[in-house]
Amino acid sequence: MDSARLQPASPPQPDQGLPPPLAAVPVPWKSTDPCQSHREFPGALVETSAGEEAQGQEGPAAAQLDVLRLRSSSMEIREKGSEFLKEELHRAQKELKLKDEECERLSKVREQLEQELEELTASLFEEAHKMVREANMKQAASEKQLKEARGKVDTVLFAEFRAWRESPTLDKTCPFLERVYREDVGPCLDFTMQELSVLVRAAVEDNTLTIEPVASQTLPAVKVAEVDCSSTNTCALSGLTRTCRHRIRLGDSKSHYYISPSSRARITAVCNFFTYIRYIQQGLVRQDAEPMFWEIMRLRKEMSLAKLGFFPQEA
């Protein structure tokens with residue numbers, strides 16, 4: 001028995017119908033050792049390799065499908081982007097066209113305004129030149145008339161004024177004032193109511209006459225030559241029925257006399273003349289004799305017009 005035990009056993013033959021060794025049967029085994037990932041038997045390696053081969057055969061088809069999908073999606077995005085860009089371009093072109101039309105319209109309006117402005121400027125320029133020419137012609141004519149008038153001035157009147165100017169006085173007996181009294185002052189202050197006219201003339205000469213607007217309160221008044229001087233509808237100087245917006249007071253008298261606009265204008269014209277000659281007498285007017293003379297002639301003209309009934313409406 002010992003010799004039989006010492007002889008090595010011969011390996012079983014495959015054709016003997018014995019079961020295969022355990023190593024030939026693929027059994028998955030996972031190691032519990034944390035230092036090792038895993039171990040597989042040769043059979044498992046063969047099976048895994050086959051699975052990877054099948055998986056490798058399906059991979060290119062799936063990848064190709066993904067590429068086709070990506071290409072289709074990219075084309076769709078491009079088409080939509082192209083449509084959006086076309087719409088935006090069309091909208092921008094439409095807006096640009098509208099702006100061009102508006103710019104063209106504004107340009108035409110501007111050209112029209114510029115043309116109208118040029119025409120208006122030319123018209124105004126021509127009108128201004130015309131007015132200047134007419135003004136120059138009128139001025140030249142006035143200067144000519146003034147020169148002719150000065151040349152035709154009565155040497156007696158100017159001589160009387162120059163003599164009065166050498167020694168100005170308010171004495172109405174001097175030749176200069178005597179003439180003005182006779183020709184202008186007297187007729188201008190000659191009213192229908194003679195009694196009151198004399199009083200008014202004396203007050204004007206003494207510079208004690210006061211003219212004031214009619215107040216709402218009626219003050220005491222007196223009657224002169226049977227004329228009701230307290231009525232605002234009757235002029236105390238002319239005796240005519242007129243709307244009297246002013247009244248006069250003589251000196252320190254408390255009495256008031258309502259006067260019409262015409263009577264007020266006549267009194268005011270005479271007062272203006274006496275005011276000017278008083279200024280000359282006091283040395284307040286410093287001019288040559290000729291300008292003074294023409295100013296006095298103007299004041300005499302105002303007295304003549306007021307005497308004839310010409311007076312401003314606000315009088």
Side-chain angles (χ1 to χ4, degrees), residues 131-194 196-211 237-238 248 250 259 261-315:
M131 293 175 64
V132 170
R133 287 195 301 267
E134 293 179 353
N136 291 335
M137 293 175 62
K138 290 181 179 179
Q139 183 179 0
S142 299
E143 291 177 353
K144 182 179 179 180
Q145 291 177 0
L146 179 60
K147 186 176 180 180
E148 293 176 353
R150 288 179 177 178
K152 296 178 180 179
V153 170
D154 191 337
T155 56
V156 175
L157 292 177
F158 189 63
E160 290 176 351
F161 169 73
R162 293 191 64 175
W164 175 85
R165 181 174 175 271
E166 293 296 329
S167 180
T169 178
L170 297 180
D171 184 6
K172 58 184 177 182
T173 60
C174 70
F176 169 67
L177 288 183
E178 191 276 331
R179 179 187 296 275
V180 176
Y181 267 92
R182 185 180 69 254
E183 296 179 358
D184 303 306
V185 175
C188 199
L189 297 181
D190 186 15
F191 295 99
T192 303
M193 304 303 167
Q194 292 294 322
L196 184 58
S197 297
V198 174
L199 297 177
V200 169
R201 178 171 173 175
V204 171
E205 294 175 0
D206 297 337
N207 196 23
T208 59
L209 184 141
T210 304
I211 302 177
L237 289 171
S238 65
I248 59 174
L250 308 177
I259 58 175
S262 176
S263 298
R264 175 180 178 266
R266 293 167 66 174
I267 295 174
T268 302
V270 177
C271 289
N272 290 338
F273 168 77
F274 276 104
T275 299
Y276 187 69
I277 64 173
R278 288 191 187 100
Y279 285 164
I280 297 177
Q281 183 192 25
Q282 296 170 7
L284 300 178
V285 181
R286 297 181 179 180
Q287 290 180 329
D288 294 335
E290 190 172 348
M292 288 184 185
F293 176 76
W294 286 109
E295 177 62 18
I296 288 177
M297 295 298 290
R298 186 187 69 80
L299 294 172
R300 293 184 64 183
K301 177 183 177 182
E302 287 186 357
M303 288 188 285
S304 299
L305 292 175
K307 178 182 62 177
L308 295 174
F310 295 99
F311 57 92
Q313 294 299 323
E314 63 272 11

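Index from 1, following the sequence. It should be emphasised that the depicted structure is a prediction, and the values quoted were computed from it without experimental measurement.
Side chains of Thr268 and Glu302 form no contact here, defined as non-hydrogen atoms less than 4.5 Å apart. Annotation: side chain of Leu196 is not in contact with side chain of Phe191 (no heavy-atom distance under 4.5 Å). Looking only at side-chain heavy atoms (C-beta outward), Val200 and Ile248 come within less than 4.5 Å of each other. Side-chain contact between Met292 and Tyr279: absent, with no pair of heavy atoms (C-beta onward) separated by less than 4.5 Å.
Between the side chain of Asp190 and the main chain of Gly186, no donor-acceptor pair closer than 3.5 Å is present. No donor-acceptor pair closer than 3.5 Å links the side chain of Arg266 to the backbone N or O of Lys307. Looking at Ser304, its side chain does come within 3.5 Å of a backbone N or O of Arg300 through a donor-acceptor pair. Judged by distance alone, with hydrogens and angles left aside, the side-chain atoms of Ser197 form a donor-acceptor pair with the main-chain N or O of Met193 at under 3.5 Å.
Using the six-membered ring where Trp is involved, Phe176 and Trp164 have ring planes that are tilted, between 30° and 60° apart. The aromatic rings of Phe158 and Phe293 sit perpendicular, their planes meeting at an angle over 60°, well past the 30° parallel limit.
Rounding to the nearest 0.5 angstrom, the gap separating the CE atom in Met297 from the CZ atom in Phe161 is 11.0 Å. Within the model, atoms CD of Glu183 and SG of Cys188 stand 13.5 Å from one another, a figure rounded to the nearest 0.5 Å. Interatomic distance, CE of Met303 versus CG of Leu189, reported as 9.0 Å (0.5 Å rounding). Once rounded to the nearest 0.5 Å, the distance linking CD1 of Ile211 with CD1 of Ile259 reads 5.0 Å. In this structure, Leu250 CG and Leu209 CG are separated by 5.5 Å, a value rounded to the nearest 0.5 Å.
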| field | Stepwise side-chain contact (heavy atoms from CB on, under 4.5 Å) check, Phe273 with Val180 | value | CA-CA 10 Å; Phe273 168 77; Val180 176; 3.3 Å; yes
| message | Could you go through Arg298 and Tyr276, starting from their C-alpha distance and side-chain angles, then the distance that decides it, and tell me whether this counts as side-chain contact (heavy atoms from CB on, under 4.5 Å)? | response | CA-CA 11 Å; Arg298 186 187 69 80; Tyr276 187 69; over 6 Å; no
| Run the side-chain contact (heavy atoms from CB on, under 4.5 Å) check on Ile296 and Ile280 step by step: do they pass? | CA-CA 11 Å; Ile296 288 177; Ile280 297 177; 4.3 Å; yes
| Check against side-chain contact (heavy atoms from CB on, under 4.5 Å), Leu237 and Thr192 | CA-CA 6 Å; Leu237 289 171; Thr192 303; over 6 Å; no
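Of the N and O atoms on the side chains of Asp206 and Thr208, not one donor lies less than 3.5 Å from an acceptor on the other residue.
Across every non-hydrogen atom of Val156 and Arg179, the tightest pair is CG1-NH2, 3.9 Å.
Results of the side chain to side chain contact (heavy atoms under 4.5 Å, CB included) test with Phe274 over Asn207, Val185, Leu177 single out Val185 as the only residue that passes.
With a 6.0 Å radius and a threshold of 12 heavy atoms from other residues, nucleotides or ligands, Arg162 has its CZ atom at or below the threshold.
Look at Glu134 and Lys138 and you find no salt bridge, because none of the NZ, NE, NH1 or NH2 atoms lies under 4.0 Å from a carboxylate O. Ion pair Glu178/Arg182 flagged as a salt bridge, since at least one NZ, NE, NH1 or NH2 atom sits closer than 4.0 Å to an Asp/Glu carboxylate oxygen.
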